[in-house]
Amino acid sequence: RRQFAAAENPERALQIARRLVAVKIRNCRTLVRRNAAEPPSRTLARLKELVASAERAESLESLLGIEGTAARVYFEAFGTMLKATTPEAAADEPSFDFEGRNRRPPRDPVNALLSLGYALLAKDLTISLQSVGFDPYLGFYHQPRYGRPALALDLMEEFRPLVVDSVVLSSINTGMFRTSDFIQRGGAVSLTQAGRSKFLRAYERRMDEEITHPVFSYRISYRRT
């Protein structure tokens, strides 16, 4: 009942949405700062500005624009966090050149991995929300649309860089995948069963990884968080 009441209150919904988007952008900035070989100062400065903009957005529409701009800036820098393929491994490793986010369908291996990871995260959050009594289809930032788990999409925003993007980067940079793990048809790229199995194992390891919770200060897994 409190969830539905909050969703019906425009100011309360906007307040929650601001927090979700601001934290997502902040986590994206942290990932770039920690993982890029030479963190692009302009990207970090711009993302910092967008965190402040998200925290004072006056409407969901303006917040959508801020989040979209932040996503573009972030993914423009995503390639700086990927290690270049060595000439010795090039014959057996796919090209992980990344020129930006694309989906439905993903057109390169990096986007195929990101899309799979986001689908897994949305599924896990939908299950978690249902298990504690929330309606996963009624969100605050993502608006209700038939068949779309809007609240799960809301809550996954801050975990996208922490879980999925981190798994994609580590699995690529450690040479986990081979050319045979991907299928390319009609301009779309997807993973083979073997490729999906590799990614699922990496995703589950990340979900079970323990961190010190920023609010409660005890050790806890990403899954439990």
Side-chain angles (χ1 to χ4, degrees), residues 2-36 39-81 98 100-104 111 114-115 117-119 121-122 124-126 128-129 134-145 148-169 206 211-216 222 225:
R2 289 173 63 187
Q3 177 192 357
F4 275 72
E8 286 296 314
N9 182 328
E11 186 54 41
R12 179 64 175 140
L14 179 60
Q15 181 185 31
I16 295 171
R18 284 194 201 110
R19 288 289 301 276
L20 295 168
V21 173
V23 173
K24 175 195 177 178
I25 300 171
R26 189 175 290 118
N27 287 343
C28 287
R29 183 178 184 275
T30 299
L31 199 72
V32 174
R33 182 169 54 82
R34 291 180 179 174
N35 290 276
S41 56
R42 290 179 63 183
T43 298
L44 298 180
R46 183 67 177 127
L47 289 174
K48 187 175 182 179
E49 292 172 1
L50 290 165
V51 169
S53 297
E55 290 175 335
R56 59 174 183 264
E58 296 182 357
S59 68
L60 283 177
E61 290 74 21
S62 63
L63 191 59
L64 279 166
I66 293 164
E67 194 266 338
T69 300
R72 177 179 54 77
V73 171
Y74 168 66
F75 281 117
E76 283 176 355
F78 197 83
T80 66
M81 297 185 279
F98 185 80
R101 182 79 176 109
N102 58 69
R103 56 199 180 103
R104 298 177 185 173
N111 277 292
L114 289 169
S115 290
Y118 295 151
L121 187 59
D124 283 342
L125 277 162
T126 299
S128 295
L129 288 164
F134 284 109
D135 182 345
Y137 294 93
L138 182 66
F140 301 99
Y141 176 53
H142 293 84
Q143 294 304 292
R145 183 187 302 166
R148 180 169 76 168
L151 186 59
L153 296 177
D154 279 358
L155 292 185
M156 73 181 277
E157 290 294 353
E158 64 184 297
F159 290 101
R160 286 175 184 261
L162 296 178
V163 176
V164 177
D165 298 0
S166 179
V167 170
V168 171
L169 290 171
R206 183 64 171 175
I211 59 166
T212 299
H213 195 283
V215 175
F216 303 116
Y222 276 112
T225 303

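Just so you know, these numbers come straight off a predicted model, no measurement behind them. Only this structure's heavy atoms are used, side chains among them; waters, hydrogens and symmetry mates stay out.
Separation of atoms CG (L20) and CZ (F159) is listed at 10.5 Å; rounding is to 0.5 Å. To the nearest 0.5 Å, the span separating CG on L153 from OG1 on T126 amounts to 7.0 Å. Residue D154 holds its CG atom at 6.0 Å from NE2 of H142, rounded to the nearest 0.5 Å. Atom CG of residue D124 and atom CG of residue L155 lie 12.5 Å apart, to the nearest 0.5 angstrom. Once rounded to the nearest 0.5 Å, the distance linking CG of L121 with CE of M156 reads 4.5 Å.
Remark: R12 pairs with no residue by the salt bridge (Lys or Arg N to Asp or Glu O under 4.0 Å) rule, at least two apart or across chains. Every residue two or more places apart in sequence or in another chain that forms a ring-ring contact (aromatic ring centres under 6.0 Å, His included) with F216 is listed here: H213, Y218.
L31 and Y74 get closest at one heavy-atom pair: CD2-OH, 3.2 Å. Counting all heavy atoms, side chain and backbone alike, A77 lies closest to T43 at CB-CG2, 3.8 Å. When all heavy atoms of K24 and P161 are compared, the closest pair comes out as O-CG, 4.1 Å. In terms of heavy atoms, A57 sits closest to L63 at CB-CD1, 3.9 Å. Between G117 and V164 the shortest heavy-atom distance is O-CG2, 3.4 Å. G139 approaches A150 most closely through the heavy-atom pair N-CB, 3.6 Å.
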Item to complete: Test side-chain contact (heavy atoms from CB on, under 4.5 Å) on D135 and L151 and set out the steps.
Response: CA-CA 7 Å; D135 182 345; L151 186 59; over 6 Å; no
Practice prompt. Start with the C-alpha distance between L14 and F140, add both sets of side-chain angles, then the distance that settles side-chain contact (heavy atoms from CB on, under 4.5 Å), and finish with yes or no.
Written response: CA-CA 7 Å; L14 179 60; F140 301 99; over 6 Å; no
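Using a 4.5 Å heavy-atom threshold, the side chains of Y141 and L60 count as touching. Side-chain atoms of V21 and E157, non-hydrogen and from C-beta on, never get closer than 4.5 Å to each other.
Between F75 and F78, the ring planes lie tilted relative to each other; the angle falls in the 30° to 60° range.
Looking only at distances, a side-chain donor or acceptor of T30 sits under 3.5 Å from a matching main-chain atom of R26. Although no hydrogens or angles enter the test, the distance criterion places a donor-acceptor pair under 3.5 Å between the side chain of R29 and the main chain of L44. Between the side chain of N27 and the backbone N or O of L162, no donor-acceptor pair lies under 3.5 Å. No donor-acceptor distance shorter than 3.5 angstrom exists from the side chain of E55 to the backbone of R18, with no hydrogens or angles considered. Judged by distance alone, the side chain of R33 and the main-chain N or O of C28 form no donor-acceptor pair under 3.5 Å. Of the possible donor and acceptor atoms, one in the side chain of S62 sits under 3.5 Å from a partner among the backbone N and O of S59.
N111 and R101 share a side-chain donor-acceptor pair at under 3.5 Å.
Around the OH atom of Y222, the shell of radius 6.0 Å holds more than 12 heavy atoms that belong to other residues, nucleotides or ligands.
For R160 and Y118, the positive end sits near the middle of the six-membered ring, less than 6.0 Å away and at most 45° from its axis.
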